[in-house]
S.K.: 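Quick one: the structure is below, questions incoming.
Please read these numbers as outputs of a predicted model, since none were measured by experiment. All ligand and atom numbering here is 1-based and tracks the order in the structure. The first residue of the sequence shown is numbered 1, and numbering continues consecutively from there.
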Amino acid sequence: MILLETRNLFVSVKNRQILKGLNLQVKKGEKIIILGSNGAGKTTLIESIMGFVKPDKGSIFFIGKELKTEEDFKCLRRSIGYVFQNPEDQLFSPTVEEELAFAPINLGISSEKTEELIEQTLKLFKIEHLRHRNIHDLSGGEKRLVSIACVLTMNPEALILDEPSAYLDDENVRLVAQFLNETEKTVIVTTHDKEFVKLLGWKTYLLKNGVLHIS
Ligand SMILES: Nc1ncnc2c1ncn2[C@@H]1O[C@H](COP(=O)(O)OP(=O)(O)O)[C@@H](O)[C@H]1O
Ligand SMILES: [Mg+2]
């Protein structure tokens, strides 16, 4: 089953055409890498899929349904967890604990289950010690791990991570790669980090000149 698809996607940023007829199909359970140099349009592609950037032309399908309205994209955003390239754009709560509790509480999950989710995700990324810290005081790498943990508390069906290895030291890059390799979720990772690509070893597309090339 195809979970996510873009057809003939054209997207401009500040009057410059960045995506030029981009086609992508991601099957349920599939894991793919979108490799591309800085400025290739990786973030633009992800933001279009998530409904934050409006394409000039082309269509986006989620579980066979073309996404047209803001309501359609809201539905997609409940099923796909999006880890932003810059964690500062994603995190907004005062403390790590509040940030991790935000999604479950909004989804109406019980406080016992929320506590369980917080403990699980902190443990997964070995950041239990950050639980009561101010987000503001965390390092870039710590913010990255918190931002991935946060997205997981929503229990999304799929994950999109935009340059997840950025800001992380080698040990945490391996930890994140291990988690991504083990999860049963559908995953899209964008990166320009060839070492990270090797750790994942997934099907890789190169984003160049506004379209994807199998690499
Ligand atoms: N907010 C913005 N203002 C101006 N130009 C932008 C903005 N966001 C992206 N761009 C430009 O769009 C192009 C694609 O950017 P982006 O999608 O961020 O690439 P990547 O994520 O692959 O590094 C780049 O040339 C970048 O400079
Ligand atoms: Mg980017």
S.K.: Counting neighbours of CD on E128 that are heavy atoms of other residues, nucleotides or ligands and sit closer than 6.0 Å, is the number greater than 12?
M.R.: yes
S.K.: Got more than 12 heavy atoms from elsewhere within 6.0 Å of NE2, H136?
M.R.: no
S.K.: List the atom pairs, donor and acceptor, that lie under 3.5 Å between side-chain atoms in residues 56-66 and the rest of the protein, sequence neighbours left out.
M.R.:
unit_1 : atom_1 : unit_2 : atom_2 : d
D56    : OD2    : S12    : N      : 3.3
D56    : OD2    : S12    : OG     : 2.6
D56    : OD2    : Q17    : NE2    : 3.3
K65    : NZ     : D72    : OD1    : 3.0

S.K.: Tell me, yes or no, whether the heavy-atom count around D169 atom CG, taken from other residues, nucleotides or ligands under 6.0 Å, exceeds 12.
M.R.: yes
S.K.: Is there a donor-acceptor pair closer than 3.5 Å between any side-chain N or O of H213 and the backbone N or O of L207?
M.R.: no
S.K.: Under a single-linkage rule joining Ile, Leu, Val, Met, Phe, Trp and Tyr whose side-chain heavy atoms are separated by less than 4.5 Å, which residues share a cluster with Y167?
M.R.: none
S.K.: Assign the ring pair F92 / F102 to parallel, tilted or perpendicular, where the plane angle (0 to 90°) is split at 30° and 60°.
M.R.: perpendicular
S.K.: Within the distance-only criterion (no hydrogens, no angle test), does the side chain of E142 pair as donor or acceptor with the backbone N or O of S139 below 3.5 angstrom?
M.R.: yes
S.K.: Indicate yes or no for a side-chain donor-acceptor contact from K31 to the backbone of N181 under 3.5 Å, with no hydrogens or angles considered.
M.R.: yes
S.K.: Give the protein residues with at least one non-hydrogen atom closer than 4.0 Å to an atom of ligand 1, ordered by chain and number.
M.R.: V13, K14, R16, I18, S37, N38, G39, A40, G41, K42, T43, T44
S.K.: What are the protein N/O/S atoms, named by residue and atom, that sit under 2.8 Å from the Mg ion (ligand 2)?
M.R.: T43 OG1, Q85 OE1
